[in-house]
Number of protein chains: 2
Amino acid sequence: MKPQRRPLSNMGTEEDISQLAELFRLMGDTSRLRIILKCLHTPISVSDIATQLELSQSLVSHHLRLLRTARVVRSERRGKQVFYVAADEHIQCVIEDMVAHISEPDQNEEDD
Amino acid sequence: MKPQRRPLSNMGTEEDISQLAELFRLMGDTSRLRIILKCLHTPISVSDIATQLELSQSLVSHHLRLLRTARVVRSERRGKQVFYVAADEHIQCVIEDMVAHISEPDQNEEDD
DNA sequence: AAAATATATGAACATGTATTTATATGTATG
DNA sequence: CATACATATAAATACATGTTCATATATTTT
């Protein structure tokens, strides 16, 4: 079930906006976005992400640290491996909404 | 009414991901995000955005061009002024979902 | 305890980009 | 047509950041 839609009226503090922008910024890199997509549904280990996405282990780890600090993903240790998964369902909602936006028909008065 | 939730399964092409990331990247800057928020509900002129946000006219115009090219906002000329407004409701949904994510309680095993 | 495996971290580099300054384009008005 | 007003654009700069390479930490296994 989708969370209720809260008005954006009372979230105008600079602090909120910085935090919002930070989250969007993190999702605004193709490597990180692909990593997030891998973590969306089920937990996945760092090495699996690296091999599946053909990214270096170091790079994946760097990105995961940023994502974890921003609470986009959370981590869970299982033996030698560490599994990462999206922090909550909202991450998926955000992406789905943006996909919906992309597939929206264009209606601007001026041409490009 | 919220748009239906489409599975993210069949949107794995590199092209889609690049476009997605580009949109998130654009929203990942505080100046641009504040501009977007100003355009969310009703059309607003460039100069009004600039004065209300205390940003230079040039900077606002630069950002609006990027946002318009990416179809985050659309423009409409009214006499000397140009009004900008969010391209569709999905933009607002994306932001609302992210706000919901921020206010979500943390549940990670490890502390920071 | 040593070796092996998985992950994390630090420094360096190269690239990208937000912002400013100056100027140009477009639109209405005297 | 010239002036004023609103917006757009170009070049330059300062800063941020994605990626790589090398190395460290953590956990299991022999």
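The sequence lines fix the lettering, A, B, ..., with proteins before strands; numbering per chain opens at 1.
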Practice item. Determine whether the side chains of Ser45(A) and Ser47(A) contain a donor N or O and an acceptor N or O closer than 3.5 Å. Key: yes
Check your understanding: Checking all strands, does Ser61(A) fall into the base, sugar-phosphate, or nothing category for heavy-atom contacts under 4.0 angstrom?
Key -> base
Point to revise | Exercise: identify the closest heavy-atom pair between Ser18(B) and Thr30(A) | key: CA-CG2, 4.1 Å
Review point. Once you round it to whole Å, what is the distance between C1' of dG18(D) and CG of Leu33(A)?
Key: 15 Å
**Study point:** Which atom of Asp48(B) lies closest to which atom of Ile44(B), heavy atoms considered
**Key:** CB-CG1, 3.6 Å
**Study point:** Presence of Tyr84(A) side-chain N/O under 4.0 Å of dA8(C) phosphate oxygens OP1/OP2
**Key:** yes
Exercise for review: Among the candidates dA8(C), dT9(D), dT7(D), find the nucleotide nearest to the side-chain atoms of Arg65(B).
Suggested key: dT9(D)
Practice item. Figure out the CD/C1' separation between Gln81(A) and dT27(D), and round it to whole Å. Key: 11 Å
**Study point:** Length of the line joining Ile44(B):CD1 and dT7(D):C1', which is rounded to integer Å
**Key:** 15 Å
Exercise for review: Whole angstrom is fine here: how far is it from CG in Leu26(A) over to C1' in dA16(D)?
Suggested key: 13 Å
Exercise for review: For Leu66(B) and dA18(C), give me the distance from atom CG to atom P, rounded to whole Å.
Suggested key: 7 Å
Exercise for review: Kindly indicate, with the supporting measurements, whether the criterion side-chain contact (heavy atoms from CB on, under 4.5 Å) is fulfilled by Leu55(B) and His63(B).
Suggested key: CA-CA 11 Å; Leu55(B) 300 175; His63(B) 284 316; 5.6 Å; no
Exercise for review: Could you tell me the separation between the CD1 atom of Ile36(A) and the CD atom of Gln92(A), rounded to the nearest 0.5 Å?
Suggested key: 12.5 Å
Check your understanding: Do any side-chain nitrogens or oxygens of Arg25(B) fall under 4.0 Å of OP1 or OP2 in dT17(C)?
Key -> yes
Check your understanding: What does nucleotides 19-28 of chain C look like as a protein-contact string, B for base, S for sugar-phosphate only, - for none, at under 4.0 angstrom between heavy atoms?
Key -> SBBB---SBS
Practice item. Begin from the C-alpha positions of Arg32(B) and Leu67(B) and carry the test side-chain contact (heavy atoms from CB on, under 4.5 Å) through to its verdict. Key: CA-CA 8 Å; Arg32(B) 272 194 302 263; Leu67(B) 294 173; 4.0 Å; yes
Review point. Parallel, tilted or perpendicular: which describes the rings of His90(B) and His101(A), with under 30° parallel and over 60° perpendicular?
Key: perpendicular
Review point. Could you give the CD-to-C1' distance, from Glu76(A) to dT27(D), as a whole number of Å?
Key: 16 Å
Check your understanding: Atom CG of Leu53(B) to atom P of dA18(C): distance rounded to whole Å?
Key -> 16 Å
